[in-house]
Each structure stands twice: as structure tokens, then as C-alpha cells.
Amino acid sequence: MNTGRLEQTALVLANVRLSTAAVLLELRLPETAAAARPGQFLMLANRRTYLRRPLAICAVDHDRRSVSVAMEAKGAGIRDLMNLVHGDEITVLGPLGRGWRYTDYQAVIAVGGGTGVYALPTLLEAARAARIATACVLGFRERSRLVLEDRFRAAADTLLLASEKGGLDVAGTVLDGLRALDPALLGRHAPGQVLVACCGPAPMMRAVAAWAAERGFACQVSLEERMACGFGVCRTCACRVRAGAGDGWTYERVCCEGPVFDAADIIWEEDGDGCES
Amino acid sequence: MNTGRLEQTALVLANVRLSTAAVLLELRLPETAAAARPGQFLMLANRRTYLRRPLAICAVDHDRRSVSVAMEAKGAGIRDLMNLVHGDEITVLGPLGRGWRYTDYQAVIAVGGGTGVYALPTLLEAARAARIATACVLGFRERSRLVLEDRFRAAADTLLLASEKGGLDVAGTVLDGLRALDPALLGRHAPGQVLVACCGPAPMMRAVAAWAAERGFACQVSLEERMACGFGVCRTCACRVRAGAGDGWTYERVCCEGPVFDAADIIWEEDGDGCES
Amino acid sequence: MGANPDLTTTVAGLALPNPIIPASGCAGYGREFAKHFELRRLGGLAAKALSLEPRRGNPPPRVAEAAAGMLNAVGLQNPGWDLWAHDELPWMLEQDVILIQNIVGHTVADYVELARRLEGTAVDAIEINLSCPNVADGMSFGAEPDGVEAVTAAVRAVTRKPLWVKLTPQTASIVATAAAAARAGADAVSLINTIPAMVIDVERRRPVLRNNTGGLSGPAIRPVALRMVNEVYRAVAIPIVGIGGIETVEDVVAFLLAGASAVQIGTAALVHPTRPVDLVTDLAVWCRSHGVARVTDLIGALELW
Amino acid sequence: MGANPDLTTTVAGLALPNPIIPASGCAGYGREFAKHFELRRLGGLAAKALSLEPRRGNPPPRVAEAAAGMLNAVGLQNPGWDLWAHDELPWMLEQDVILIQNIVGHTVADYVELARRLEGTAVDAIEINLSCPNVADGMSFGAEPDGVEAVTAAVRAVTRKPLWVKLTPQTASIVATAAAAARAGADAVSLINTIPAMVIDVERRRPVLRNNTGGLSGPAIRPVALRMVNEVYRAVAIPIVGIGGIETVEDVVAFLLAGASAVQIGTAALVHPTRPVDLVTDLAVWCRSHGVARVTDLIGALELW
Ligand SMILES: Cc1cc2nc3c(=O)[nH]c(=O)nc-3n(C[C@H](O)[C@H](O)[C@H](O)COP(=O)(O)OP(=O)(O)OC[C@H]3O[C@@H](n4cnc5c(N)ncnc54)[C@H](O)[C@@H]3O)c2cc1C
Ligand SMILES: Cc1cc2nc3c(=O)[nH]c(=O)nc-3n(C[C@H](O)[C@H](O)[C@H](O)COP(=O)(O)OP(=O)(O)OC[C@H]3O[C@@H](n4cnc5c(N)ncnc54)[C@H](O)[C@@H]3O)c2cc1C
Ligand SMILES: Cc1cc2nc3c(=O)[nH]c(=O)nc-3n(C[C@H](O)[C@H](O)[C@H](O)COP(=O)(O)O)c2cc1C
Ligand SMILES: Cc1cc2nc3c(=O)[nH]c(=O)nc-3n(C[C@H](O)[C@H](O)[C@H](O)COP(=O)(O)O)c2cc1C
Ligand code: FES
Ligand code: FES
């Protein structure tokens, strides 16, 4: 629980291009760097939009007392953030949300697609540091969109890169990537000891959750939803979560109860009918 | 009549500090530099306010194809403009308005106070180029606010600087400065051949106009009024001007019929009751 | 994709070359814009308010800055019928632009007389501005359905020209006032006028505007205008001219999707003088890149959840 | 200048330590803010809307970006009376903050029953949100004076607690609805709630909000709120709580000058979580530097032209 000031001023330390589409921003944020845990996010102010923008914490550097976020051009808010340069200042809320619950597992299979991949490096690194076995399957639209390969390779015992356009390890989706994982690897731990941690487009997360459920693996997903505040007061970031008996459900806050939820608790909405992610 | 594009993109060439309070911005604006005449103004967009801000054209450099404006910190709009640096781009409307009508006179006495002084250098320089005699009386709040002394000195045959706080040529207002002008100088031309050109706070302009009227000099004043468009369509920049017979008057547009009006045509408003300047 | 998209639209039978019209009070009588582009390139021109008698307007300051917009209290300054008919109308008619003349009055009789006189001119359409305070009760004519119906019916009785009724957003239900306009024979409703507002100078402890209050316009009001356009589109069978904070081609498209047959550009044209005509170009580009053959295909094409 | 300015104010007899109150729906039940500052440092807390039955609220997306503001369509999600009384109320009462409980209903009877139950609690004041659609006619209770009067009078009959009536700006005359509240026995009016609005995703041809429409809040609506506060201040003898786009201490002062006895901070606190408590400090500094000994000296001190 963050009991200091939630709103911090961050100095931009670096703006690094990760791919044809993506940029990583390194921000000097000592308190946030000290407190951040894998799967949490920040809310970043920019000069173009009234509301802040949520971005996953993609890296923490304790020596540089910095936190990095990575993003790909969407609307006006992200575009403005991508234009920040060394020496600029922005204000940031964070670290926010409930991250990955990985410590009780013996193996973590991180699965990411699109901008969802940015929520995974800190998880893999923390799992590795906790001597948990790690595998990682990532999907990219095309080869030119591949990002952070070195970090993923360093943190994952096994890394499989998938692209439907080919040119990477697996020609296909992350599901094809998961199916291509060494069966021996998957069989090494009791299914209940394996956590599938997934972040990406909603249909992907849904499919990955189904794949995990078939095998008896635990599965957590990191959801995205439009957020006004990011710290729990406005209730705009609603996501359907099972509650009570039978078909009972309630809207929980992606920013507080999430963004990482147990996949089994999520009631996936039809396209556009509910959670966007 | 400007028949090209009114809205131009200007590259900031320089941001020069003129005094403890003032900054001069040099803008690359080839078409504007070619067309601008003394007493005209620009409307400058900034990054903080929805509406543009009107600023007098303070200098034109034909070689550098640039136009300069000068300003002192007021609200959010001017403050943002003062922060622009070499290489920034802003959009600008201009040149706008009807400037000084000086060509028919044998002598011009330019009188300025506050930010009103910025409307005068181009007038003095143009008058000098047209072999018209020039004098100039400027009032500054204090010595540290003195700006552009070299330019004024170069363009005016006589220059008197006034400050109520002392430390300059005359301890007092611009009226005291005018009274301190060499009587011989004032008597050299028939009164009708002398133009008093004044820009500054409204009470000053009113007093200067009265001084000029007493001596039979022509007098023009450059007014300020809040402006939405600056090019004549919105009618927000109203100023009371005599019209028709007797006490008749009408609201004219400071941005089009002005900013430079014949002082005799202006119906000065009581404080706040009408024109702000 | 190859062919040029068809930008023509009609508002209650009045054909416009495209849906982009400078809004009344933000274009004068067109003279200033005409220095920079040909007015006939526009969908039309909503000329500045016209009253029977000349109006000097309010004392300055008449404009205040607001977040994402501005307040104005110009006070409908205009030369009055006689000077307008002599100096402005002939010039405007020469410009070969669809001319929508906005009118204002203190009483129903004022509106009727103006419409009666306009009936004898070549003006293409009449837009009645109902945000004006009614001398009888001080509230604007547009605040309640009764007021809207009274003015509209009275004007309708004296003109066969296309009649656009411009409504104020300051009402309990824009559907009710739009329906009143439709009932009384309006051909279209123009939505929306500015929202009454105030900005205060805290140092001087005074409103910035000499008139104390003024009308809020610009992007700040855009989502309110868009909601009203769509609300009326769904509930009332009358063509709509969308107005309020339109700046970009995406804004134009949003208003068309919400149900507007044409749009007006006000405040944005004060900051970007050629924006109205630039938007005509942008709209053609947008339609082409989105495979829209006719701009009218966009009207009301919004899919509600 | 030396002495600390007196920031205390009263709203219809209810004493507040200062005029700064987080707005309903933008502060939850105070738990999240309490992690970062002591709630008792605030003038009060306008707790999130409460209904009799639990409400899940609307499906997402519930928020859309707007120029200088945002739209929300949360749909008054709340746990309902039972869970609220069990889980939230006791915690809030422990915080030693003046507690204003906002209530919503589908019918007049809902409001009455909530007020009746609140009468038996230690809540300091009741704020009734009249922007809710009336199940009987679909319009909001606050759109017309009759609706305001009906709800207010019915609630007044069952409670002696300070009763704040929160009005919607979507009405023909805010003076008329505020006067109706006063007539029916309200102790204060809270001005203003959000303005109904829509934002469209032109690529998907759909409203961004799953609810199609939502309420516009933030700086965009500030000048409208300020005008309404001053309009009511001049015409109706009832204390006013000012709300709408307040971000800075100058905004707070502007609302006080316009006639508000206290203010609420909504959207700004979503972007700057400690803004409400920071404004308390800023207000003290502002008063000191402006020679204002008592913040109440500012209330209604606006000089009109
Ligand atoms: C917890 C969380 C973590 C995220 N992490 C990342 C990340 O690491 N890298 C990355 O590139 N993106 C990430 N996103 C998505 C990112 O926040 C959106 O793409 C971004 O907000 C879009 O803003 P914009 O101004 O560029 O686009 P616009 O479309 O102009 O935004 C308009 C509005 O929609 C909201 N919005 C639009 N798309 C999304 C979305 N997918 N999720 C949430 N809000 C959205 C914006 O916040 C804003 O309110 C994350 C989202 C969440 C909720
Ligand atoms: C024709 C003309 C020429 C000018 N030339 C200069 C110049 O050369 N140098 C200079 O420093 N200033 C000049 N001014 C004044 C300058 O435009 C204002 O000080 C400036 O607009 C204030 O903007 P702001 O955002 O800093 O202040 P704010 O107070 O935040 O502005 C709020 C609003 O008030 C308007 N406003 C405030 N004061 C004035 C004013 N005195 N005149 C016009 N509008 C005002 C702004 O345009 C804006 O709409 C000129 C004004 C006019 C009309
Ligand atoms: C300076 C100014 C003057 C206006 N004058 C008129 C007018 O004379 N008649 C009228 O019907 N509307 C008038 N309006 C309202 C606009 O036509 C338009 O309805 C409103 O500004 C909203 O559109 P916008 O946000 O694009 O400006 C005026 C608006 C402004 C800003
Ligand atoms: C996310 C959100 C939720 C809101 N929920 C409520 C509510 O439950 N009850 C209520 O009376 N007003 C509610 N409001 C309105 C605010 O209390 C306030 O009146 C409005 O937002 C204008 O103030 P602002 O511009 O400072 O946000 C809500 C506003 C927002 C932004
Ligand atoms: S974003 Fe405000 S509660 Fe989650
Ligand atoms: S500023 Fe618009 S007419 Fe002068």
C-alpha cells in the first residue's frame, strides 16, 4: 500500500526506439522504482489530453532509480508521450494495481501479444530471480514489430516468437507457439504448479486461458480498460468478474482489483460488449 | 490587402531577453516580413490557450525574412510564448490591422509606455527612411524595464526616457517627457505637419492626445482590446468611434479599422467601461 | 476509391455543394473570408445575425478565454435591415454561395417582419436564432417548446424559403424544442447555439465580460452538441445542421454520423481562418480513404450500442 | 497578512472546516484518498451515490476523453443500502470528516426511503442527485421545476438533516429549478452535475461509451457552472455548493466570488489525487497574499458590471 504521494514528477531519462512502431521511455522515479512489483502500471500525464494514460511498468532499474514504460502509437495521448525527450518532465501516478501472483508456482509461462508484451519482462525477471522456471511465447504482427528480444531471451528459459506473417520461430499465433512448446517442458511440473500469465488482445487472452484450463494450469490475465483515475475512485474501469454463487457477477475495477485477474474469474464479454481488451 | 494564406507557420529563430521582464521573439515569416507595415500586428498561437494572442510587429528583417514581436509576462498565453526557443514552430496570422498613417507629416513624435513601446520602432525607422523628422518619448516603470534603447536612439533624432521612479532622462511620466522636449524642436514645423503617435495604457494615450490637441498636432493612438479572431469576422474587439453627426458613435473593430485610430475619433471610456486599453 | 467522392448534401430540399458552412457570427457577411478563398467553395454561408434596427452590440470586453473554447458577448452587433440590404446583401449574392441569413428579434413581430422582407430577396434560406432574450419574459425564445413554436409558426406563415430554426442548448429537452420547431413548420433545426457562461477575473473580482455573461463555444461544447444532434435525429423527423466545436474532419464526420445533414464551423474559423474551406478538402480525402462514395451515406450512420 | 486566514464556512448552518469537498462519484467512499491524506483535512466528503438496491452500473467503456474534460457513464454503481450501511458507513464515520451522502433513486419513493433511513445515521448532510432519469417519464427529475419540487418536498418531510439538492444544468432555467428546491425546503443547492454528452469513434461509427451518452465534466463545463452559481446566487435565497471543472485555487475563489458557500472537486481529483487537500493549503496562501481574513468574505463578493 502506497502511503506516500501518489503523484510524482518524473524526469525523462531516455527515449529509446524498440521497433518500427514502439518506443521505451525511461523515467527517473525513485519511490516508484523502489515500490513497483511485476504487473503493476503507471498513469502518465501528457500535454495533449486531459486524462492520464495507463501503461504497464516494463522495466525497473534500481541503480538508476528509474522505471520504464513502452508504447506504440495509438491516439493523441500516446503519440505525445512518444515525443518526450531527455530532460522533459511529466507527472505520473503509480505504481498502481495488483500485479502477477507468481510466487507460489514452480513454473511461469508468460504469453504476450501486441502491446501486452510490455507487462511481461518484469514478471519473467522476478520469477527467474525467485528460481521459478520460465517460458515465454510472444506474438508479433510482423518481424519488424519484434521488441525487447534480448531481455526476454535473458529472462526466459525458453522463448518462442510467433508471427502470422512468418519470419520468426513460429508461423502462426501465440496458440501455435504454445502448442510448439516442448511437451517435456510442460510435463516437468504438476499442472497446478504451472502459471500461465497472459497479456494481449482479449480474444488472445481468452484462447490462452482456455488452453491453460484444458491442461489444468493456473492462468492469470492482465486486462486493459479505459481508465479515468487509475487509483480506484471513479469506477470507470469496470470488468465483469464472477462473484457469489452460480452465475453471479459484479463489475470490479481493473485498476485496483486488477489489472491482473485469475482468468477463471473473468466473464469474457462479446466483442465490444464490455471489457475492451 | 493580403490575398495569400493568412495563417502561416513560423519558425522561431531567436528568443532574446530585452529586460528583466521582456522577451523578443524573432520568427521566420517571409511573406509577412515582405508585407508588414508599421503599426500592424500578428496573432500568435501558443500551446496553452485556445485563442491566439495579438502582438505588435516590433521589427522586420528583410535579409533574415523575419518578423519580431516583444512581450512581457501576463497570463498563460504570453508566458507560453516567452518560453519558445530556437527551432520551435508556431502558427501566426498576419500582418493584421491598419497601421500608422505617417507619410503625410513632416515630423513624428512617437510616445510609448509599457508594452506599447513595441509598436513604435518600426514607425520611427520608416519615418526616418522617409526623411521625416523623428522624436521619441518613452515611459518605463523603472530603469530595469528599459528596452530597445539602441534601436530607439538610432531611429529618433531626439529620445527622452521617462520613469516615475527616476534613474532615466526625466523623472516623471511621458507627459513630463513631452513637456521637456526642446520647444524649438516642436516649433520647427507647422502644427498640422506634426504627428504624435502614441501607444500605451489608455490613461496615458488620453493625456497625450489632449497634449497634442492643445498644440494643434495630429494624433494617432494604437489601441488594445481583447480579440478572438484578429482579422475582422467576430466583432469582439469593439472600440467606440465617433460616427455621423453630433454625438453619434459606433463600435469599430480594433483589429481592422485599427489598431491605429485618429485620437480625435476615439470616445474614451471610463475605466473598464468599454475599451480596456 | 479512385473516383472523387460526392460531397453534395441537401438540407430539407436545399442542395448544398458540400456540408461545410461557416457559422453565423463567425464569418461576418463573408467579406473577410473572401479575401482568402472563394466563398462558393463552401457548402454555404450562415451570415451574421440581422435585426430590423441597427445594433451597436455590447460594450467591450466582448470575449473571454475558456478551457478549450471561448465566451463571446458581442451582442448581435449588426447594421440593421436598411444598411444590410444596401451594402451587404448585393455583395453576398454576387459571391455565388448558398446564403443562409441568420435573423434575431426582440419580439415575435420582429422575426416575422424580417422574414417577410427576406421573402422578397434572393437569400437561399432563413435561420432564426432563438437564443435571444424575449423582451416579454427575459428568457430566451428557445428555452421552452412554446416559445419555439410561437416564433417558428409565425415566421413560417410569411415565408416559403427554407426555414432553419437555431436552438439553444439551455433547455430541459432539446428533443422537445426541436419537435416544437418541426410541428410549427421548420424545415431544419440548427443545433446548437452557445451555452450561457461566465468567466471571472479573481483579482478584479469582476466578470471578464462587460456583459457579465457570454456564450461558451468551441471544442468544450462539442460533446454536448453531438449528443443533442443524435438525440434529435433519433426522435424528430427533421433535418439537422450540426454546430458546436467542430475543428477537424473527424469532428465533421462525427456530426454527420450522429445525424446532421450539414455542419457549421464557428470558433475554429476564428483561430484558423481557412479552416472551413480546408475541411471541404479534408472531407473529400477522408471519404476517399474510407471508401465513402457519397457524403450523404454518412448521415445518421452511427450505430448505437 | 500575518495571521492565518479563517477558512471555515457554513452551508445552511452546517459548519465546515474549509470550503473544499471532493465531489460525489469522484472520491468513492473516501478509502482511496485516505491512503494519501487524512480526510478530516477536507471541508467534507461528498460520498458516492447510494441507492436502495445494489447497482452494478453500466457496461464498459464507461469513460471517454473530451476537450478539457471527460465523459462518464458509470451508471451509479454502488453496493446498495445494506452493504453500504455495513461496510462503508462505519468506516466513513470513523474518519472524522463532515459526511455528505449523495443519494439516487428511480422514483420519489426511493429517495424518501433512503432519506428516512439516513435520518437514523450520523451522516452530516444528504445530497440528492436529481440528474437521474425518472422511471415515470424518462426525463431527469431535475429537468423541470415540478420534478425538483416533488422530490425535494417528499425528502424534506422525512429528514431534519441538512438537505442539499444537486441540480442538472440540462434545464431551461437553473433559477427556476433552484427556486423550486428552495420552495420545497432544501437547505442548499449543489450546482452543477455533469452535462449529458456524446463522443463518437468515427472509425467504428459508434459512440465510445457503451451507454452511448455520458456526463461531461471537467474544465470544459466550468464557465457554465460559474454562470449558474451566480445566476442562482442573485435570484434565489439559498446557499450554494459550487461544482464544475474546479482545478486551481483561482477557480475555487471564482466560485466563492460568484456566490458559492463551498465547492466540490470532481474530475480534477481523478487526475491529481491530492488536489482537494492541496487546494485547502493553496486557499490559505491565496487568502493571506490577498489580505482576506475570512474565506466567507469572498462569498458573493463578485462585482457585476
Ligand atoms: C493497465 C493498462 C496497461 C497498459 N499498458 C500498456 C503498455 O504497456 N503499452 C501500451 O502501448 N499500451 C498500454 N495500455 C493501453 C494504453 O493505455 C492505451 O493504448 C492508451 O491509453 C491509448 O491512449 P491514446 O491517447 O494514445 O489513444 P486514444 O484512443 O486517443 O485514447 C482515448 C481514450 O481511450 C483510452 N484507451 C484507448 N485504448 C485503450 C486501451 N487499450 N486500454 C485502456 N485505455 C484505452 C485512453 O486512455 C483514453 O481515455 C495499457 C492499458 C491499461 C489499462
Ligand atoms: C493590437 C495589439 C497589440 C499588442 N501588442 C503587444 C505587444 O507588442 N507586446 C505585449 O506584451 N502585449 C501586446 N498586446 C497585449 C497582449 O495581446 C496581451 O497582453 C495578451 O493577449 C495577454 O494574454 P495572456 O494570455 O498573457 O493573458 P491573459 O490575461 O491570460 O489573457 C486572457 C485574455 O485576455 C486577452 N487580453 C488580456 N489583456 C489584453 C490586452 N491588454 N489586450 C488585448 N487582449 C488582452 C487575451 O488575448 C486573452 O483573450 C497587444 C494587444 C493588442 C490588441
Ligand atoms: C463571436 C461569435 C458570434 C456569434 N454570433 C452569432 C449570431 O450572430 N447568431 C447566431 O445564431 N449564432 C452566433 N454565434 C454562435 C455560433 O454560430 C455557433 O452556434 C456557436 O459558436 C457554436 O459553434 P462553435 O463551437 O463552432 O463556435 C456566435 C458565436 C461566436 C463565437
Ligand atoms: C466518474 C464520475 C462519477 C460521478 N458520479 C456521481 C454520483 O454518483 N453522484 C453525483 O451526484 N454526481 C456524480 N458525478 C458528478 C460530479 O459529482 C460533479 O458534479 C461533476 O463531475 C462536475 O464536477 P467536475 O467538473 O469537478 O468533475 C460524477 C462525476 C464523475 C466524473
Ligand atoms: S480507473 Fe478510476 S476506479 Fe479504476
Ligand atoms: S478580433 Fe475578431 S473582429 Fe476584431
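Computed from heavy atoms alone, side chains included, the values below leave out hydrogens, waters and symmetry copies. Please read these numbers as outputs of a predicted model, since none were measured by experiment. Note on naming: letters A, B, ... go to the chains in the order of the sequence lines (proteins, then strands), and numbering restarts at 1 for each one.
Side-chain atoms of Gln77(D) come within 3.5 Å of backbone atoms of Tyr251(A) as a donor-acceptor pair (strictly under, hydrogens ignored).
Here the CG atom belonging to Leu209(D) is positioned 10.0 Å from the OG1 atom belonging to Thr236(A), to the nearest 0.5 angstrom. Between the CG atom of Asn72(D) and the CZ atom of Arg235(A) there is a distance of 13.0 Å, given to the nearest 0.5 Å. With rounding to the nearest 0.5 angstrom, the NE2 atom of His272(D) is 6.0 Å from the OG1 atom of Thr91(A). Atom CZ of residue Arg226(A) and atom CZ of residue Arg62(D) lie 14.5 Å apart, to the nearest 0.5 angstrom.
Ala238(A) and Pro60(D) get closest at one heavy-atom pair: O-CG, 3.1 Å. Residues Pro273(D) and Leu93(A) share a closest heavy-atom pair of CD-CD2, 3.6 Å. Residues Phe231(A) and Leu270(D) come closest through the heavy atom pair CE2-O, 3.3 Å.
When the candidates Pro219(D), Ala34(D), Ala67(D) are compared by the number of heavy-atom contacts under 4.5 Å with chain A, Pro219(D) comes out ahead. Top candidate by heavy-atom pairs under 4.5 Å with chain A, chosen from Gly25(D), Pro22(D), Ala64(D), Ala220(D), is Gly25(D).
Residue Arg65(A) qualifies as open at atom CZ: its count of foreign heavy atoms under 6.0 Å is 12 or below.
Proximity to chain A (any heavy atom under 4.5 Å) is shown, for Ala73(D), by neither the backbone nor the side chain. With a 4.5 angstrom heavy-atom cutoff, Met43(A) does not touch chain D via any of its atoms. For chain A, the nearby parts of Ala268(D) are the backbone and the side chain; heavy atoms of each come within less than 4.5 Å. Using a 4.5 Å cut-off between heavy atoms, Asn78(D) makes no contact with chain A at all.
Look at Arg48(A) and Glu65(D) and you find no salt bridge, because none of the NZ, NE, NH1 or NH2 atoms lies under 4.0 Å from a carboxylate O.
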Exercise. When you look at Leu51(A) and Val63(D), which way does the side-chain contact (heavy atoms from CB on, under 4.5 Å) test go after all the steps?
Worked result: CA-CA 10 Å; Leu51(A) 299 175; Val63(D) 58; 3.8 Å; yes

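Using a 4.5 Å cut-off on side-chain heavy atoms (C-beta onward), Arg56(D) and Trp249(A) make contact. For the pair Cys234(A)/Val74(D), no side-chain contact is recorded, criterion being any heavy-atom separation below 4.5 Å from C-beta on.
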